[in-house]
**Student:** 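Pasting in a structure now, in structure tokens, and then I'll have a few things to ask.
Numbered from 1 within each chain, the chains take letters A, B, ... in sequence-line order.
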2 protein chains.
Amino acid sequence: MLTIGTLSRKTGTKVQTVRYYEQIGLLREPGRTAGGQRRYEEADLDRLAFIRHARQLGFALDAIRELLDLSDHPQQSCADADSIARRQLKQVEQRLLRLQALQKELKRMIAECSGDRMADCRVLEVLRDHSECLTAHDDIGA
Amino acid sequence: MLTIGTLSRKTGTKVQTVRYYEQIGLLREPGRTAGGQRRYEEADLDRLAFIRHARQLGFALDAIRELLDLSDHPQQSCADADSIARRQLKQVEQRLLRLQALQKELKRMIAECSGDRMADCRVLEVLRDHSECLTAHDDIGA
DNA sequence: TTTACAAGCTTTAGCCACTAGAGGTTCAAG
DNA sequence: CTTGAACCTCTAGTGGCTAAAGCTTGTAAA
Ligand SMILES: [Zn+2]
Ligand SMILES: [Zn+2]
Ligand SMILES: [Zn+2]
Ligand SMILES: [Zn+2]
């Protein structure tokens, strides 16, 4: 029987986050004491640890939900789980490409600025005029 | 005199986003027609283009606000503008480091999985147990 | 001049994944 | 029995938009 605080400490999750996961149905509703406090079992700890580790690897909560569902069927093929991981890898690689391009542009504008008056600031110039850039930067969020 | 739609088209910004920028004080309140529709000037177009370009380069709206304020003082030193850009570069580089580590872990778990039953899925195994990882992955958001 | 309709308007709520705070109750040690 | 840390619920906020409902306005053709 674990309190929410113990669960929290053992997984490095904020207490509110644990409650949030319960609220969105990612964790089951645990048992309660007579006074209404949550009491967890070891299985909950494992599940929460899985969630947190997947989050650290960048998986979205929806993907994690799928992965948890899949792992409840140990006899089935893991093709679906693998493809979720491949999807995640693709997303990471897309972000990498974008950030690498940003890094290049930022480095360049900083290097080119003489650090003189604002009127001649290379940083501001480039921000004012994309044609000073070497790369395109499509969508904003990526 | 530009309508909000024209502004939107010329800068690749959604109409609602333009109104949002006005709401948070990033764009001034423009003039209105008798009927209450917004009418912009060329200067608004330049400002919005600046904002959007800075967003594409990953700057946060707060940083953009600072940059815009700074560029209103052309005779001052651009040291502050440059340091905002350097801060942005640092952030990009930190994210790059994190994503590169994630990429490595994801690649590895995918490569090591034989694609057999869920019970033996390497992806799930690694997610269940961080000690299977080669790298640490500190904080979740980065 | 009337009419049609694209484009504008405001207000509200939703997205993701938490996080913080207010204001109260329970548990466990001493 | 008392203390106080830890728990509880509920609400609202973060960033940067985005969507939708339900209106009103502007403009150009008939
Ligand atoms: Zn400069
Ligand atoms: Zn550019
Ligand atoms: Zn597998
Ligand atoms: Zn790990």
**Student:** Could you tell me how far apart A:Ile4 (CD1) and C:dT25 (P) are, to the nearest whole angstrom?
**Tutor:** 19 Å
**Student:** For residues 135-142 of chain A, tabulate all N or O donor-acceptor pairs below 3.5 Å that involve a side-chain atom, not counting sequence neighbours.
**Tutor:**
{"unit_1": "A:Thr135", "atom_1": "OG1", "unit_2": "A:Glu105", "atom_2": "OE2", "d": "2.7"}
{"unit_1": "A:His137", "atom_1": "NE2", "unit_2": "A:His130", "atom_2": "ND1", "d": "3.0"}
{"unit_1": "A:His137", "atom_1": "NE2", "unit_2": "B:His53", "atom_2": "NE2", "d": "3.1"}

**Student:** A:Asp116 and A:Ser114: side-chain hydrogen bond (donor to acceptor under 3.5 Å, both in side chains), yes or no, with the steps?
**Tutor:** CA-CA 5 Å; A:Asp116 211 19; A:Ser114 61; 4.9 Å; no
**Student:** How close or far is atom P of D:dG16 from atom CD1 of A:Ile140, stated in whole angstroms?
**Tutor:** 10 Å
**Student:** Closest approach of B:Ser8 and B:Thr13, non-hydrogen atoms and distance?
**Tutor:** OG-O, 2.6 Å
**Student:** Is atom CD of B:Gln100 surrounded by more than 12 heavy atoms (other residues, nucleotides or ligands) closer than 6.0 Å?
**Tutor:** yes
**Student:** Take atom CZ of A:Arg38 and atom C1' of D:dA6, then tell me their distance rounded to the nearest Å.
**Tutor:** 13 Å
**Student:** Check DNA chain D against residues 50-59 of chain B and give the residues with a non-hydrogen atom under 4.0 Å, in numerical order.
**Tutor:** B:Arg52, B:Arg55
**Student:** Answer with base, sugar-phosphate or nothing: what part of the nucleic acid does B:Arg32 contact at a heavy-atom distance below 4.0 Å?
**Tutor:** sugar-phosphate
**Student:** Rounded to the nearest Å, what distance is computed from the NZ atom of residue A:Lys14 to the C1' atom of nucleotide D:dT14?
**Tutor:** 13 Å
**Student:** Can any side-chain N or O of B:Gln88 pair as donor or acceptor with the backbone N or O of B:Leu57 at less than 3.5 Å?
**Tutor:** yes
**Student:** Walk me through it: do A:Arg52 and A:Gln56 pass the test side-chain hydrogen bond (donor to acceptor under 3.5 Å, both in side chains)?
**Tutor:** CA-CA 6 Å; A:Arg52 285 269 106 186; A:Gln56 289 183 322; over 6 Å; no
**Student:** Can you establish whether the number of heavy atoms outside A:Glu112 located under 6.0 Å from its atom CD is more than 12?
**Tutor:** yes
**Student:** Please state how far atom CD in B:Glu22 lies from atom C1' in D:dG16, giving the value in whole angstrom units.
**Tutor:** 17 Å
**Student:** Between A:Tyr21 and C:dC18, is there a side-chain N or O to OP1/OP2 distance below 4.0 Å?
**Tutor:** yes
**Student:** Expressed in angstrom and rounded to an integer, what is the separation of B:Leu61 atom CG from D:dT18 atom P?
**Tutor:** 11 Å
**Student:** Roughly how many Å is it from CD in A:Gln16 to C1' in D:dT9, rounded to a whole number?
**Tutor:** 12 Å
**Student:** With side chain to side chain contact (heavy atoms under 4.5 Å, CB included) as the test, would you mind laying out the steps for B:Arg19 and B:Arg38 before giving the verdict?
**Tutor:** CA-CA 10 Å; B:Arg19 289 197 281 247; B:Arg38 290 168 179 81; 3.5 Å; yes
**Student:** B:Thr33 side chain to B:Gln37 main-chain N or O, any donor-acceptor pair under 3.5 Å?
**Tutor:** yes
**Student:** Would you tabulate the nitrogen or oxygen pairs shorter than 3.5 Å linking the protein to nucleotides 26-28 of chain D?
**Tutor:**
{"unit_1": "D:dG26", "atom_1": "OP1", "unit_2": "B:Thr33", "atom_2": "OG1", "d": "2.7"}
{"unit_1": "D:dG26", "atom_1": "OP1", "unit_2": "B:Gly35", "atom_2": "N", "d": "3.1"}

**Student:** Whole angstrom is fine here: how far is it from CZ in B:Arg19 over to P in C:dT12?
**Tutor:** 15 Å
